[in-house]
Chemist: 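Following this message is one structure expressed as structure tokens.
Here the structure is a predicted model, which means the values were calculated and not measured. Side-chain atoms are counted along with the backbone in the values below, which use heavy atoms only and exclude waters and symmetry mates. Index from 1, following the sequence. We count ligands from 1, going down the list as the structure has it; atoms in each ligand are counted the same way.
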Amino acid sequence: MGLQDITARIEAAAKNAGRDTDSVKLIAVSKVQPNARVQTVLEAGHRSFGENKVQEAAGKWPDFRESFAGVDLHLIGPLQSNKTRQAMGLFDAIHTLDRPKLAKTIARIAQEDGHCPALFIQVNTGEEEQKAGVMPRDADAFITECLGMDLPVKGLMCIPPVDEEPSLHFALLAKIAARNGLQGLSMGMSSDFERAIALGATHVRVGSAIFGERTTTG
Ligand SMILES: *Cc1c(COP(=O)(O)O)cnc(C)c1O
């Protein structure tokens, strides 16, 4: 199955980089995959999954959590402010914190509920207009602002432009994280996770290489 192959490739990439395999977490991106495929991966013992829409995750993960203990769920898609409370209840980690307004909303709800998921700040390393994420030149100030609100910021996340060498973007993300004292690096997808691991990825987000091509009907 795809999962075993990807796990083996992660192990090899970590070894090549002189890193411990345990330092790289595989997030299996299950968005729009049929439930039967997700169930197969759960039955194989995998527990970390990623979804890019709050609504879609709310429709399937409460049931999966009933059947499988220890699920670790990551939001990897954009978060609208009005879905923040729902997302904070559903997800163990949010990888797409990208603006002061959202940071303030998360901080307020965390105060009220006494609970906050792990957070990654998304950086728009390619400075693409249509893409979410804080601009690289604004990243240091935004990270400082979030840490000043006592938010549990674990690291940074990026999605490189499709037509550029991803390694340049991974290296930039690693540099910004290092100078801000952040350990976590959420970077690398099906086509480039080995290059991301070589540059320090702690969380790789792999979908189609595990589950097969996404069907649109789910
Ligand atoms: C869909 C998605 C992935 C996984 O993409 P694959 O190419 O299928 O591995 C990773 N990260 C984000 C943010 C995504 O939306």
Chemist: What protein heavy atom lies closest to atom 9 (O) of ligand 1? Include the residue and the distance to one decimal.
Modeler: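 Heavy-atom neighbour on the protein nearest atom 9 (O) of ligand 1: S190 OG, 2.5 Å.
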Chemist: Donor-acceptor pair, distance only, cut-off 3.5 Å: does the side chain of D192 make one with the backbone of M189?
Modeler: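 Side chain of D192 to backbone of M189: a pair is present.
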Chemist: At what distance is the nearest protein heavy atom to atom 12 (C) of ligand 1, and which residue and atom is it?
Modeler: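 Heavy-atom neighbour on the protein nearest atom 12 (C) of ligand 1: I76 CD1, 3.5 Å.
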Chemist: Taking N52 for its side chain and I76 for its backbone only, find out whether a donor-acceptor pair lies under 3.5 Å.
Modeler: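 Here the side-chain-to-backbone pair does not exist.
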Chemist: For ligand 1, which atoms have a heavy atom of V206 less than 4.0 angstrom away?
Modeler: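 What qualifies from ligand 1 is 9 (O).
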Chemist: Heavy-atom contacts with S208 under 4.0 Å: which atoms of ligand 1 show up? List them by number with element.
Modeler: 6 (P), 7 (O), 8 (O), 9 (O)
Chemist: Tell me which one of M189, E213, Q122 gets a heavy atom nearest to atom 5 (O) of ligand 1.
Modeler: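 Comparing heavy atoms across M189, E213, Q122, the nearest one to atom 5 (O) of ligand 1 lies in M189.
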Chemist: Quick check on contacts: which atoms of ligand 1 are under 4.0 angstrom from a heavy atom of I159?
Modeler: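 Taking each heavy atom of I159 in turn, ligand 1 has 13 (C) under 4.0 Å.
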Chemist: Return yes if some donor-acceptor pair links the side-chain N/O of R85 with the main-chain N/O of I109 below 3.5 Å, else return no.
Modeler: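 No; zero donor-acceptor contacts below 3.5 Å.
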Chemist: Check whether the side chains of K83 and Q80 place a donor and an acceptor atom closer than 3.5 Å, and report yes or no.
Modeler: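 Per modelled atom types, K83 and Q80 side chains form a pair under 3.5 Å.
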Chemist: Which ligand 1 atoms are under 4.0 Å away from a heavy-atom of G207?
Modeler: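 Once the distances to G207 are compared, the set is 4 (C), 6 (P), 8 (O), 9 (O).
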Chemist: Look at atom 15 (O) of ligand 1 and say which protein heavy atom is nearest, naming residue and atom and giving the distance to 0.1 Å.
Modeler: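 Sorting protein heavy atoms by distance from atom 15 (O) of ligand 1 puts K31 NZ, 2.7 Å first.
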Chemist: Is S81 reaching over with its side chain to a backbone N or O of L102, donor-acceptor style, under 3.5 angstrom?
Modeler: no
Chemist: Measure centre to centre between the rings of H74 and F120, then say whether the value is under 6.0 Å.
Modeler: no
Chemist: Is the gap between the ring centers of W61 and F91 under 6.0 Å?
Modeler: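 They do not qualify: ring centres at least 6.0 Å apart.
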Chemist: Under 4.0 Å from any heavy atom of R205, which atoms of ligand 1 are there?
Modeler: 4 (C), 9 (O), 10 (C), 11 (N), 12 (C), 13 (C)
Chemist: Give the contacting part of H95 toward ligand 1: side chain, backbone, both or neither, where contact means a heavy-atom distance below 4.0 Å.
Modeler: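 Answer for H95: neither.
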